[in-house]
Amino acid sequence: MKILNLINSRVNNIWHSISFNMTVQKQLLCFFLLGAVFVIFFIICWDEIRDGNFPLYTASSQDFTHLKLRQAHRKRIIRDLCSANSSFNFPGKLKTFDQIPDNALDHLIVDDHHGVIYCFVPKVACSNWKRVMIVLSQNLKAPNGAPYLDPLDIPVEVIHNHTVHKTFNKLWRRFGRFSHQLMHHKLKNYTKFLFVRDPFVRLISAFRDKFATPNEDYYKYIGSPMLQRYANISSPPASAQEAFAAGIRLSFTHFIQYLLDPHTEKYYPFDEHWQQMNRLCHPCQIDYDFVGKLETLDEDTEHLLRILGLDKYMHFPPGYENRTVVNWERDWFANISVSDRRKLYNLYEADFRLFGYDKPETLLND
């Protein structure tokens with residue numbers, strides 16, 4: 001009997017041992033399979049992350065989603081207001097692209113190498129975007145004979161030289177009646193973008209740049225006649241330097257009077273630095289893929305370069321720290337009558353509404 005019990009005990013021990021080993025083996029097999037799956041998943045994810053395709057669920061991906069929604073919102077505003085069904089009307093709204101005069105297309109800079117069209121708006125970081133377009137196109141050579149690779153290497157005097165940039169207006173000059181067919185092809189297939197700014201702040205910036213410091217060209221053709229007409233100075237000094245030395249300066253009030261004078265554009269169209277942004281870039285005729293704003297410049301430039309696939313090797317030059325800002329408006333408009341402020345808003349209302357800027361109620365209702 002003892003022998004039987006001993007045998008039975010041994011058998012039970014062996015059975016438990018076998019069961020335990022099988023359990024361990026199963027657990028090890030499970031761990032091995034899970035480890036293999038994890039390794040494969042990591043390899044796939046790493047390749048996708050490296051190629052920029054994997055959706056990282058981090059703060060940055062949430063920010064990118066926010067930026068995409070922002071773009072959709074900005075483009076929807078333009079699309080809705082440009083619709084024939086919209087009750088908001090403004091000059092040029094219902095024109096077709098082919099009805100736009102060719103000389104009004106000189107702000108559309110083309111880069112055929114990357115398939116990009118940029119409509120530049122003066123006083124909206126256009127100097128730096130022109131630098132970027134020069135680097136992308138590789139049309140301009142540095143002194144060493146090689147194309148510019150760094151936007152900051154491009155001399156300031158070159159940036160605004162119209163001969164440097166390939167524009168839609170030049171297509172017309174080169175291809176004549178065939179140019180519009182080529183333009184339509186590029187508009188359909190290229191990535192089109194522009195950057196805009198609060199219209200009133202842009203006016204302040206333009207005045208500061210062209211009239212608050214001596215600028216001989218602007219003084220001769222615009223400043224001196226403004227002094228005669230609005231400051232009652234019958235014989236202004238011959239140069240800006242002489243005028244400043246004599247303490248004779250244009251005021252912001254004179255500038256606003258000039259803009260509101262119905263005779264101004266009868267003689268010559270608004271200068272590009274204060275011409276309405278919609279007149280420069282024709283958002284009702286051109287379906288822009290990206291609408292950037294100076295107020296969100298850093299985020300928007302990073303977003304756009306990522307869309308263009310240039311974020312890995314192209315960096316947007318830093319802007320000036322002393323940018324004209326919105327909270328300066330009250331000080332600058334302090335001497336402008338409420339009546340003239342309202343007239344000025346009406347003059348630039350299309351820019352305010354098309355590009356999603358709030359109506360400056362405080363300025364208009366003081």
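Remember, predicted model here, so these are calculated numbers, not experimental data. Just so you know, these numbers use all the heavy atoms, side chains as well, and skip hydrogens, waters and symmetry mates.
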Q) Parallel under 30°, tilted from 30 to 60°, perpendicular over 60°: which one fits the rings of Phe211 and Phe255? A) tilted
Q: Measure up the Phe120 and His107 rings against each other and bin them: parallel (under 30°), tilted (30 to 60°), perpendicular (over 60°).
A: parallel
Q: Assess whether salt bridge (charged side-chain N to carboxylate O under 4.0 Å, His left out) is satisfied between Asp112 and Lys186, documenting all intermediate values.
A: CA-CA 9 Å; Asp112 291 312; Lys186 294 179 189 293; 2.6 Å; yes
Once you round to the nearest 0.5 Å, how far does [atom1] of [X] lie from [atom2] of [Y]?
| X | Y | atom1 | atom2 | result |
| --- | --- | --- | --- | --- |
| Asn128 | Ile154 | CG | CD1 | 10.0 Å |
| Tyr118 | Met133 | OH | CE | 8.5 Å |
| Asp300 | Glu295 | CG | CD | 9.5 Å |
| Ile222 | Asp271 | CD1 | CG | 5.0 Å |
| Leu171 | Gln181 | CG | CD | 12.5 Å |
| Lys68 | His66 | NZ | NE2 | 13.0 Å |

When the ring centroid of [X] is compared with that of [Y], is the distance short of 6.0 Å?
| X | Y | result |
| --- | --- | --- |
| Tyr268 | Tyr221 | no |
| Tyr345 | Phe352 | yes |
| Phe97 | His184 | yes |

Is the backbone of [Y] close enough, under 3.5 Å, to the side chain of [X] for a donor and an acceptor to pair up by distance?
| X | Y | value |
| --- | --- | --- |
| Glu216 | Ser239 | no |
| Ser179 | Phe175 | no |
| Gln228 | Ser234 | yes |
| Lys293 | Phe355 | yes |
| Lys192 | Leu108 | no |
| Arg197 | Lys123 | yes |
| Glu302 | Phe316 | no |
| Ser86 | Ser83 | no |
| Lys170 | His165 | yes |
| Arg342 | Leu364 | yes |

Q. In this structure, are over 12 heavy atoms from other groups packed under 6.0 Å from Glu157 atom CD?
A. yes
Q: Take atom NZ of Lys188 as the centre, draw a 6.0 Å sphere, and report whether it contains more than 12 heavy atoms from other residues, nucleotides or ligands.
A: no
Q) Step by step, would you call Thr213 with Arg208 a side-chain contact (heavy atoms from CB on, under 4.5 Å)? A) CA-CA 7 Å; Thr213 57; Arg208 292 175 65 203; over 6 Å; no
Less than 4.5 Å apart, any side-chain heavy atom of [X] and any of [Y]?
| X | Y | result |
| --- | --- | --- |
| Ile336 | Leu363 | no |
| Arg70 | Thr296 | yes |
| Leu259 | Leu203 | yes |
| Asn365 | Val338 | no |
| Leu136 | His113 | no |
| Ile248 | Glu242 | no |
| Tyr288 | Ile78 | no |
| Pro283 | Leu81 | no |

Where do [X] and [Y] come nearest, in terms of heavy atoms and distance?
| X | Y | result |
| --- | --- | --- |
| Lys220 | Pro225 | O-CD, 3.8 Å |
| Phe90 | Leu354 | CZ-CD1, 3.8 Å |
| Asn215 | Tyr218 | OD1-N, 3.1 Å |
| Phe168 | Leu105 | CB-O, 3.5 Å |
| Met314 | Pro151 | SD-CG, 3.9 Å |
| Glu265 | Phe270 | OE2-N, 2.9 Å |

When you group the ILVMFWY residues by side-chain heavy-atom contacts below 4.5 Å and let the links chain together, are [Y] and [X] in the same group?
| X | Y | value |
| --- | --- | --- |
| Phe88 | Tyr348 | yes |
| Leu67 | Leu305 | no |
| Leu149 | Ile159 | no |
| Tyr148 | Leu152 | no |
| Trp129 | Phe290 | yes |

Q. Of the options Phe252, Tyr258, Trp328, Phe333, which is the one that meets Phe207 in a ring pair (Phe, Tyr, Trp, His ring centres under 6.0 Å)?
A. Phe252
Q: Kindly determine whether Lys210 and Trp274 satisfy side-chain contact (heavy atoms from CB on, under 4.5 Å), including the steps that lead there.
A: CA-CA 11 Å; Lys210 303 306 178 186; Trp274 46 84; 4.3 Å; yes
Q. Can you list the steps and then say if Asp150 with His315 is a side-chain hydrogen bond (donor to acceptor under 3.5 Å, both in side chains)?
A. CA-CA 8 Å; Asp150 186 343; His315 296 285; over 6 Å; no
Q: Check Leu308, Val116, Thr191 against Asp289 for a side-chain contact (heavy atoms from CB on, under 4.5 Å) and give me the one that passes.
A: Thr191
Q: Show the numbers, then the answer: is there a side-chain contact (heavy atoms from CB on, under 4.5 Å) between Thr301 and Phe195?
A: CA-CA 9 Å; Thr301 52; Phe195 274 75; 4.0 Å; yes
Q: Report the C-alpha separation of Arg229 and Asp261 in whole Å, then their side-chain angles, then the decisive distance to 0.1 Å, and conclude whether the side-chain contact (heavy atoms from CB on, under 4.5 Å) test is met.
A: CA-CA 10 Å; Arg229 187 173 301 172; Asp261 190 335; 3.6 Å; yes
(Q) Set out, in order, the CA-CA distance, both residues' side-chain angles and the distance that settles side-chain hydrogen bond (donor to acceptor under 3.5 Å, both in side chains) for Asn161 and Thr163, then state yes or no. (A) CA-CA 5 Å; Asn161 186 333; Thr163 63; 2.6 Å; yes
Q. Are Asp351 and Asn278 close enough, and set up right, to give a side-chain hydrogen bond (donor to acceptor under 3.5 Å, both in side chains), and what steps lead you there?
A. CA-CA 6 Å; Asp351 280 355; Asn278 73 89; 2.8 Å; yes
